[in-house]
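Here the structure comes first, spelled out in structure tokens, and everything after it is commentary.
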Amino acid sequence: MSRSDLTPLLRDRRSVRAYDADHVLTDADLASMVEAARWAPSAGNSQPWAFLVARRGDRAHQAFVPVLAPSVARWAPAASALVFTLHQVASGPEADALLYSDYATYDLGQAVAHLGVQASALGLSCHQFAAFDHDRLAEVAQVPSHWRVTTGIAVGLGVESEVRPRTRRPASEVAYGARFGEPVS
Ligand SMILES: Cc1cc2nc3c(=O)[nH]c(=O)nc-3n(C[C@H](O)[C@H](O)[C@H](O)COP(=O)(O)O)c2cc1C
């Protein structure tokens, strides 16, 4: 069993660092990725996620690019869109009680995974990133205090020619049997 045995949507996914700076993300493609996230499972159907979407060149993009760390600012602004992910963290008076969940980070991650698979199906590449000024983004986008900005995702047409070596921990260190650390029977 190896990566080549996976469904092509997962097999061919990787975090590219070069995007076609002329590619425009269509409304339909964006709507389709958001739809994939919307229909992800979540604890108690709490759906504790939200997204900030900036398309290259629009007002949101101009506002968000300055919060990127230099390491990400080298490649992410060329992507067709920057999507920032948020999850609700509190159930205080201003918060939406229906969106509160102890599993909010798990659920957000899963929604993003679904968004990413849908992007792959559309022939697009996603590169998630944490290297940005989270507080500054929350300020710029006026994110309410019961929401936490979590990650960013560059979405676009990947044009990377150089493929960096990729490694993973062995399956034997990921899936265990009766006891943690014991092989699957
Ligand atoms: C939560 C999260 C944060 C990440 N942060 C960064 C980042 O700040 N900069 C970066 O270049 N890549 C970032 N990545 C991408 C990972 O480095 C990448 O997924 C990992 O090296 C595996 O490579 P692959 O996605 O091509 O398989 C992040 C990925 C995740 C899921």
Side-chain angles (χ1 to χ4, degrees), residues 1-21 23 25 33-34 36-37 40-43 47-54 56 60-61 63-89 101-141 143 147-175:
M1 177 60 61
S2 71
R3 186 165 64 91
S4 60
D5 297 313
L6 297 176
T7 173
L9 292 180
L10 298 174
R11 182 194 65 201
D12 300 336
R13 183 213 62 81
R14 63 194 169 89
S15 300
V16 303
R17 282 192 171 78
Y19 287 94
D20 179 346
H23 174 263
L25 183 65
M33 289 186 291
V34 172
S42 60
Q47 308 164 59
W49 47 66
F51 302 95
L52 295 165
V53 180
R56 194 183 51 252
H61 198 260
F64 298 166
V65 164
V67 313
L68 302 178
S71 60
V72 168
R74 277 198 284 277
W75 48 266
S80 314
L82 295 175
V83 177
F84 287 92
T85 77
L86 304 88
H87 65 91
Q88 187 168 302
V89 285
S101 160
D102 285 342
Y103 294 92
T105 47
Y106 183 97
D107 291 343
L108 172 61
Q110 186 157 216
V112 171
H114 285 215
L115 180 154
V117 171
Q118 187 65 23
S120 294
L122 297 168
L124 300 171
S125 296
C126 291
H127 187 150
Q128 301 177 54
F129 57 86
F132 66 95
D133 187 333
H134 292 60
D135 293 340
R136 184 78 190 116
L137 180 71
E139 203 177 305
V140 166
V143 174
W147 285 88
R148 178 163 301 147
V149 175
T150 306
T151 55
I153 316 168
V155 184
L157 207 52
V159 290
E160 199 164 60
S161 50
E162 165 221 354
V163 178
R164 284 161 291 109
R166 299 166 76 212
T167 56
R168 287 301 191 263
R169 292 162 54 215
S172 60
E173 291 179 15
V174 173

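Bear in mind that the values here come from a model prediction, so they are computed numbers and not experimental data. Residues: numbered from 1 along the sequence shown. In listed order, ligands and their atoms are each counted from 1.
Taking the six-membered ring for Trp and the full ring otherwise, the centers of F84 and F51 sit at least 6.0 Å from each other.
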Under a 3.5 Å threshold, I'd like every N/O contact between ligand 1 and protein atoms, with atom names and distance.
| residue | atom | partner | partner atom | Å |
| --- | --- | --- | --- | --- |
| ligand 1 | 5 (N) | A130 | N | 3.0 |
| ligand 1 | 8 (O) | A130 | N | 3.1 |
| ligand 1 | 8 (O) | A131 | N | 3.0 |
| ligand 1 | 11 (O) | R17 | NH2 | 2.8 |
| ligand 1 | 11 (O) | H127 | NE2 | 3.4 |
| ligand 1 | 12 (N) | H127 | NE2 | 2.8 |
| ligand 1 | 14 (N) | Q128 | O | 3.0 |
| ligand 1 | 19 (O) | S15 | OG | 3.3 |
| ligand 1 | 25 (O) | R13 | NH1 | 2.9 |
| ligand 1 | 25 (O) | R13 | NH2 | 3.3 |
| ligand 1 | 25 (O) | S15 | OG | 2.5 |
| ligand 1 | 26 (O) | S15 | N | 2.8 |
| ligand 1 | 26 (O) | R166 | NE | 3.3 |
| ligand 1 | 27 (O) | R13 | NH2 | 2.9 |
| ligand 1 | 27 (O) | R166 | NE | 3.3 |
| ligand 1 | 27 (O) | R166 | NH2 | 2.6 |
| ligand 1 | 27 (O) | R168 | NH2 | 2.7 |

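R11 is linked by a side-chain hydrogen bond (donor to acceptor under 3.5 Å, both in side chains) to nothing, counting only residues two or more places apart in sequence or in another chain. By the side-chain hydrogen bond (donor to acceptor under 3.5 Å, both in side chains) test, S101 pairs with no residue at all, sequence neighbours left out. With sequence neighbours left out, the ring pair (Phe, Tyr, Trp, His ring centres under 6.0 Å) criterion links H134 to F132.
Distance check, rounded to the nearest 0.5 Å: CD of Q118 to CG of L124 gives 9.5 Å. Atoms NE2 and CG, on H87 and L108 in that order, are 6.5 Å from each other to the nearest 0.5 Å.
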